[in-house]
Amino acid sequence: MKRIRPEYVLVLLIAVGFVAGCILLDVLGKSGRSGITPSFQDNRTIYLARSTSDLYHFWRHKGIKGMVMVHAGRYLHYEAPPNPSDYAVTDGYPLVVTPLRHEHENNIGYRNFLWNALHVQVARKLYYLLPPEAFQERFADGAGEAEKTGDGGMRTHDLGKQRIIGTSFPAVTEPVVLNMDASFLASLSGAAILGGLSDRAAPLGLVSVCLAEDNPDVTSVERARTLELLNSAPLAAAGIRIVEIPSAGKGEQ
Amino acid sequence: MSIRNYYIFVALITVTGLIVRIWGLAGLPPTADGVQAVSSAWEYMESGNFGSIMWQHPKLRNILIYMSVKMLGGNAWGLNFWSLAFGVLAVPLIAAVTYRLTGTFSAALIAALFLAVDPIHIDFSRQAIQETYIPFFSLLGIYGVLRYSDSAKNSFLVAAGAAFGCGLAAKWHVLFPLAAAMVYLIILNRMNRGRLLPDVLLITVSLTLIPAAVYLLTYLPWILHGGNSLEDLVDVHRLMAAENLVHAGFNPYLMENDSWAYLWFIKPVAFADFMMQGSSPVVLLAISNPFVWLATLPALVLVIRDAWCTRDNRLFFMVALFCCSYLPLVMLRRPIWVNSALAVAPLAFILTARAAVKITERLRRGKVYLTIYIAAVVLCTVPLYLLAIGRGYHNPLLHPVVELYRPANERERMPLP
């Protein structure tokens, strides 16, 4: 029997080990995504949050992690705190590391809840669905540092964390966490999106609507219209139930 | 020279390298980059975020600094342990590589001395950022390749792949010497050995898949914390690459520093860091030693000529390593600062050391001239060393040199008397 050269054995071991390692890494990464079962298709539930901070804490309580998030709203909610790191370090010896996450969590609001969602890995990628007029207004002077996407949107990132801003629902093939803000639903396209939820072919994970009572830029008219949409007959007929998130989002009613 | 004496000299030069790198280090404050490196390390290891300092570079530094600060504490040793270790260990390593490439103990010792006392390498051996990782892992990979080509032992090749992988996980620049090493081995193998296929396969796989595996493993914290997949990894690398092509730093003062790679071996180049110790400024001013750096290009010409005349594979490899590492940086259209020169400097030192030996051995009093040259290098190092470790500002003789690097807006605000 012809002796197999040790070089071939080593090549095979390295190649197989590399491929197996890559598969393992991929599986490990994806297994870390959590918190959105049962999906919208299964439980037909829309979670209603009164404020952005309630919504954020609800996501955290649900253990949502590593998901693609779609936020439909007029605003970006992406204001970074003065120290945007989760860890402060003294600037002299001895270097002392102080976690800041607790401080950030105590200051969740409409200005920053999506910045925090991205930084605590609730979302690993964030899509914005803006009403067309809000998109035009925001990018009237050009893309700035953002790059244009194929469908007319804008892609930017924050130290590697991607944010894609557009006016149409993104073509995502995995379940997403979808939040619809009252600032979006008050517009005509928002009503169409809400009505189309039950017909949606693309996977939806957790779906929420936020009345943004903590956002002074969202009007009471917009909130009232949003509640009207949620209580409309077509949703009830489609078997969609509305569950209100209690304040601070500690659980379902 | 006997091999015993060679080892003694290597040890002495290494100890010298160690002493000059640790002297006074504990009394200096950390640099702003160093503090941010700790923050980024914690962000990466405990939260899976990239952190702000050099986010566009790979993540080995975050992992190592996290480990060393956890184990040694938040002091100068915990912060700078890895830079110090890799900086010191690169000294005997460059000797080993130079000996394999040139066949002479003298060139090996001279190259080791150049690295041991190089002001820029000393400066960055005393800082937390990853600049000294690159020369160490590159040299280690090259050494593994040379040992493999001499002995045909596969373990050296596998070890070289792992070393290059660690280097890649510090900065992508290691890709260039890695590519040169792979091409060298394949061509050498084709020329000298009859067994083409199995060896070429093994070389290719060892120098692609093994480095890639090591590189991927350093992203484990990011993958696990963030639920990220390999597809997400590719995506984020696209963003990192885009930033690397245009990166111009975050401090406007950086543009006042020498910021083009073509200058490195044409004139003395410098990099400055500024800190405060109490109410007193500390300026770490690293200036390249002109007796070594400015001899690089003439040394390169000499090696090219000798390689062409003798058809010595090792000389061709030496040229390829330097050119592959240096030319891509020269051609980049964005600023490249002197800290990045450490990826090329060891290869330059090997060229210069070899040239010094080759030129002087042809002269009647060659050893005297070589001694004078080495003495000039060492004497020039003395003031440059003091500048590099932050002792220049308060030194009346060196203060005017430090003032040359005062930021322009400071000069406007506080005109010199």
Side-chain angles (χ1 to χ4, degrees), chain A residues 4-15 17-19 21-23 25-35 64-68 83-101 118-121 123-125 147 155-162 174, chain B residues 26 29-30 32 34-36 38-43 46-52 55-56 69 73-76 78-79 154 157-158 161 195 197-199 201-202 204-206 208-210 212-213 216-217 219-220 222-233 235-236 239-240 242-243 277:
Chain A
I4 299 174
R5 296 198 59 85
E7 287 79 13
Y8 285 128
V9 174
L10 201 48
V11 165
L12 194 62
L13 277 174
I14 293 170
F18 179 76
V19 170
C22 287
I23 293 171
L25 275 180
D26 197 57
V27 165
L28 275 176
K30 287 175 177 170
S31 68
R33 299 171 190 173
S34 64
I64 293 174
K65 195 184 104 169
M67 302 308 299
V68 171
N83 185 347
S85 173
D86 270 7
Y87 300 91
V89 182
T90 49
D91 58 9
Y93 296 123
L95 298 168
V96 176
V97 180
T98 305
L100 294 178
R101 181 37 46 192
L118 210 52
H119 278 76
V120 297
Q121 321 290 0
R124 74 177 201 279
K125 192 187 278 190
E147 74 176 84
R155 184 194 311 272
T156 184
H157 72 92
D158 176 8
L159 301 179
K161 293 186 174 298
Q162 290 193 66
E174 61 181 273
Chain B
V35 171
Q36 290 213 44
V38 174
S39 171
S40 292
W42 254 254
E43 280 273 12
E46 301 204 348
S47 301
N49 293 323
F50 278 3
S52 58
W55 73 270
Q56 76 278 16
V69 172
N75 50 45
L79 180 64
N154 298 331
L157 190 58
V158 170
R195 337 171 290 196
L197 186 61
D199 284 351
L201 266 180
L202 183 61
T204 306
V205 159
S206 297
T208 53
L209 297 189
I210 294 179
L216 284 175
L217 279 175
Y219 280 89
L220 202 54
W222 179 79
I223 286 171
L224 293 178
H225 279 296
N228 291 295
S229 64
L230 288 186
E231 187 185 341
D232 296 315
L233 191 64
D235 259 352
V236 85
L239 296 174
M240 289 163 65
E243 175 67 24
Q277 190 159 28

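All of these numbers come straight from a predicted model, not from anything done at the bench. Chain naming here is simple, since letters A, B, ... match the order of the sequence lines and numbering starts at 1 in each.
- The residue among B/Val205, B/Thr208, B/Asn75, B/Leu209 with the most heavy atom pairs within less than 4.5 Å of chain A is B/Leu209.
- Proximity to chain B is limited to the side chain of A/Val97, based on heavy atoms less than 4.5 angstrom apart.
- For B/Pro30, the parts lying under 4.5 angstrom from a heavy atom of chain A are both the backbone and the side chain.
- Heavy-atom distances place the backbone of A/Thr90, and not its side chain, under 4.5 Å from chain B.
- With a 4.5 Å cut-off on side-chain heavy atoms, A/Glu7 and B/Asp199 count as touching.
- Remark: B/Asn154 pairs with no residue by the side-chain hydrogen bond (donor to acceptor under 3.5 Å, both in side chains) rule, at least two apart or across chains.
- If you measure heavy-atom distances from B/Ala76 to chain A, the contacts under 4.5 Å come from both the backbone and the side chain.
- The choice from A/Pro94, A/Gly92, A/Ser85 that makes the most heavy-atom pairs within less than 4.5 Å of chain B is A/Ser85.
- Side-chain contact annotation: B/Ser40 with A/Tyr87, donor-acceptor N/O pair under 3.5 Å absent.
- Atom CE in B/Met240 sits 11.5 Å away from atom CG in A/Leu159 (nearest 0.5 Å).
- Side-chain contact check for B/Val35 versus A/Leu95: some heavy-atom pair is nearer than 4.5 Å.
- Crowding of A/Asp91 atom CG: a count of heavy atoms from other residues, nucleotides or ligands under 6.0 Å not exceeding 12.
- Options B/Leu233, B/Val236, B/Ile223 differ in how many heavy-atom pairs under 4.5 Å they form with chain A, and the most are formed by B/Ile223.
- Residue B/Ala242: no heavy atom, backbone or side chain, is found under 4.5 Å from chain A.
- In this structure, no portion of B/Leu157 lies under 4.5 Å from any heavy atom of chain A.
- Once rounded to the nearest 0.5 Å, the distance linking CD1 of A/Ile14 with OG1 of B/Thr204 reads 11.0 Å.
- Summarising the geometry of A/Phe18 relative to B/Ala212, their closest heavy-atom pair is CE1-CB, 3.6 Å, with the distance given to 0.1 Å.
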| request: Determine, step by step, whether B/Trp42 and A/Asp86 satisfy the side-chain contact (heavy atoms from CB on, under 4.5 Å) criterion, reporting the C-alpha distance in whole Å, the side-chain angles of both residues, the deciding distance to 0.1 Å, and the verdict. | output: CA-CA 8 Å; B/Trp42 254 254; A/Asp86 270 7; over 6 Å; no
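- A 4.5 Å side-chain heavy-atom check between A/Tyr8 and B/Leu197 finds at least one atom pair inside the cut-off.
- Atom CG of A/Asp158 is separated from atom CG of B/Leu239 by 11.0 Å, given to the nearest 0.5 angstrom.
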Result block: side-chain N/O donor-acceptor pairs under 3.5 angstrom for residues 224-231 of chain B, not counting sequence neighbours:
{"unit_1": "B/His225", "atom_1": "NE2", "unit_2": "B/Met45", "atom_2": "O", "d": "2.8"}
{"unit_1": "B/Asn228", "atom_1": "ND2", "unit_2": "B/Trp222", "atom_2": "O", "d": "3.0"}
{"unit_1": "B/Ser229", "atom_1": "OG", "unit_2": "B/Glu231", "atom_2": "N", "d": "3.4"}
{"unit_1": "B/Ser229", "atom_1": "OG", "unit_2": "B/Asp232", "atom_2": "N", "d": "3.4"}
{"unit_1": "B/Ser229", "atom_1": "OG", "unit_2": "B/Asp232", "atom_2": "OD2", "d": "3.1"}

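- Proximity to chain A is absent for every atom of B/Gln36, based on heavy atoms less than 4.5 angstrom apart.
- At a 4.5 Å heavy-atom cutoff, the contact between A/Arg155 and chain B is made by side-chain atoms alone.
- Neither the backbone nor the side chain of B/Val69 has a heavy atom closer than 4.5 Å to any heavy atom of chain A.
- Side-chain atoms of A/Gln121 and B/Ser47 include no donor-acceptor pair closer than 3.5 Å.
- Contact tally against chain B (heavy-atom pairs below 4.5 Å) for A/Gln162, A/Lys125, A/Met67: the top residue is A/Gln162.
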